[in-house]
Amino acid sequence: MIPWLRPGDPPTAFPPVETALEEPDGLLCAGGDLSPERLLEAYRRGIFPWFSAGQPILWWSPDPRTVLYPDELKVSRSLAKTLRNRGYEASIDRAFVDVLGHCADRALRPEGTWITPQMQEAYRRLHELGFAHSVEIWDAGELVGGLYGVALGKAFFGESMFSTARDASKVALCALVASLRERGYQFIDCQVASEHLASLGARSVPRIGFVRALASAIGGPPVPDASWRDASIALTKSFVQNPRGPRGR
């Protein structure tokens, strides 16, 4: 059995992350709502929502946690070639709703999607409040890749990415890492492990260490980071032509 949150419960009503189940790994509680206040409190505590259509809202805090540190991004030779030669343009927050829609597109995810209309509305609201952000990759004016997530303090919580052209989602991650490094962000929370993430340099850390790192990276109450408003200009003008930060291993 897991605890159930009621919609009227305060955002701080989450149980301690140490009480999350081992199987399925990290399932902490269910119920509540996707209000901005509850979502931000969840991220501050190392908790995230993940559920499919027809399920109640499920909240997770797996152990270990998968994290990408900006200095540890791996850029393969083929990806470096794409960065040099494809002519992609990167931007931030130019098309958040479009990126969100592509990430939820069942045509791009034959295995199914957890980004339900309810989730899309919740993250659109976080974007309007200045907490959720997107990276877009463009090819001759067409949106061909991107990602989105939530920024709190100096931590970025990755949610999903998509690609309709070669390496476009990987280029989006490179653009994100370059921007985060310039602004002193400490890590990207990738939530759960995968071979794809590991190939890009992400690694697993114990949940207890992740939660401590969160407290250091976030600090006080959540406040939108105003630096995101100017980040798109620097990336659009210089990132693809002169990549900074990512390095091969």
Side-chain angles (χ1 to χ4, degrees), residues 1-67 96-106 108-134 146-153 155-162 188-194 197 207-208 210-211 214-215 218 221-224:
M1 298 292 292
I2 57 172
W4 279 78
L5 304 177
R6 295 169 298 181
D9 286 341
T12 56
F14 288 107
V17 295
E18 310 86 65
T19 64
L21 299 181
E22 293 184 7
E23 184 59 42
D25 180 21
L27 181 58
L28 180 66
C29 59
D33 54 48
L34 296 175
S35 67
E37 295 79 12
R38 196 179 305 279
L39 281 170
L40 294 175
E41 185 64 29
Y43 283 113
R44 289 185 66 195
R45 295 174 178 233
I47 303 166
F48 59 87
W50 186 24
F51 60 98
S52 300
Q55 292 181 326
I57 300 172
L58 301 176
W59 301 92
W60 302 78
S61 184
D63 187 15
R65 193 66 162 246
T66 300
V67 174
F96 180 88
V97 173
D98 292 333
V99 169
L100 187 61
H102 278 82
C103 288
D105 189 347
R106 291 183 178 274
L108 299 177
R109 296 180 178 276
E111 74 281 4
T113 179
W114 52 269
I115 308 174
T116 63
Q118 183 183 15
M119 289 283 274
Q120 292 181 59
E121 177 58 31
Y123 285 88
R124 280 196 294 266
R125 180 61 178 144
L126 283 183
H127 177 64
E128 291 169 357
L129 293 172
F131 291 103
H133 302 280
S134 62
L147 57 81
Y148 77 94
V150 174
L152 284 178
F156 187 86
F157 303 84
E159 281 297 322
S160 188
M161 58 174 56
F162 83 94
I188 301 170
D189 172 29
C190 302
Q191 300 179 347
V192 295
S194 69
L197 290 170
R207 180 174 57 210
I208 187 171
F210 174 75
V211 171
L214 270 184
I218 295 176
V223 177

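Proximity of a side-chain donor or acceptor of Ser61 to a complementary backbone N or O of Gly46 within less than 3.5 Å is detected. The closest donor-acceptor contact from the side chain of His102 to the backbone of Asp98 lies under 3.5 Å. Of the possible donor and acceptor atoms, none in the side chain of Trp50 sits under 3.5 Å from a partner among the backbone N and O of Trp60.
Side-chain atoms of Tyr123 and Leu39, non-hydrogen and from C-beta on, do get closer than 4.5 Å to each other. Looking at Pro56 and Leu58, their side chains come closer than 4.5 Å, going by heavy atoms from C-beta outward. Residues Met119 and Phe51 are in side-chain contact: their nearest non-hydrogen atoms beyond the backbone lie under 4.5 Å apart. The shortest distance between side-chain heavy atoms of Ser134 and Leu100 does not fall below 4.5 Å. Looking at heavy atoms from C-beta onward, Phe96 lies out of side-chain contact with Leu126 at the 4.5 angstrom threshold.
Nearest approach of Leu34 to Pro49, heavy atoms of both residues: CD2-CB, 4.1 Å. Between Gly158 and Ile188, the shortest heavy-atom contact is N-CG2, 4.2 Å. Scanning both residues, Ala42 and Trp59, for their nearest heavy atoms gives CB-CZ3, 3.7 Å. Nearest heavy-atom pair across Gly130 and Pro224 is O-CB, 3.6 Å. Among all heavy-atom pairs drawn from His133 and Phe156, the shortest one is O-CZ, 4.3 Å.
For the atom pair CG of Leu197 and SG of Cys190, the computed distance is 5.0 Å after rounding to the nearest 0.5 Å. Atoms SG and CG, from Cys103 and Leu147 in turn, are 7.5 Å apart once rounded to the nearest 0.5 Å. Atoms CH2 and CD, from Trp114 and Gln55 in turn, are 13.0 Å apart once rounded to the nearest 0.5 Å.
In this view, Phe131 satisfies the ring pair (Phe, Tyr, Trp, His ring centres under 6.0 Å) rule with no residue, not counting sequence neighbours. Shown here are the side-chain hydrogen bond (donor to acceptor under 3.5 Å, both in side chains) partners of Thr116, two or more places apart in sequence or in another chain: there are none.
Residues in residues 116-129 take part in these salt bridge (charged side-chain N to carboxylate O under 4.0 Å, His left out) pairs, two or more places apart or across chains: Glu121-Arg124, Arg125-Glu128. Each salt bridge (charged side-chain N to carboxylate O under 4.0 Å, His left out) pair with one or both residues in residues 40-54, not counting sequence neighbours, appears once here: Glu41-Arg44, Glu41-Arg45. Annotation: salt bridge (charged side-chain N to carboxylate O under 4.0 Å, His left out) contacts involving residues 28-37, sequence neighbours excluded, comprise Asp33-Arg38.
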Run the numbers on Phe210 and Asp189 for side-chain contact (heavy atoms from CB on, under 4.5 Å), then give the verdict. CA-CA 9 Å; Phe210 174 75; Asp189 172 29; 3.7 Å; yes
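For Ile2, the CD1 atom sits in a packed shell: over 12 heavy atoms of surrounding residues, nucleotides or ligands are nearer than 6.0 Å.
The one candidate from Pro11, Pro221, Ser35, Pro222 that meets the side chain to side chain contact (heavy atoms under 4.5 Å, CB included) condition with Leu40 is Pro222.
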For residues 13-30, tabulate all N or O donor-acceptor pairs below 3.5 Å that involve a side-chain atom, not counting sequence neighbours.
| unit_1 | atom_1 | unit_2 | atom_2 | d |
| --- | --- | --- | --- | --- |
| Thr19 | OG1 | Pro16 | O | 2.6 |
| Asp25 | OD1 | Asp63 | N | 3.4 |

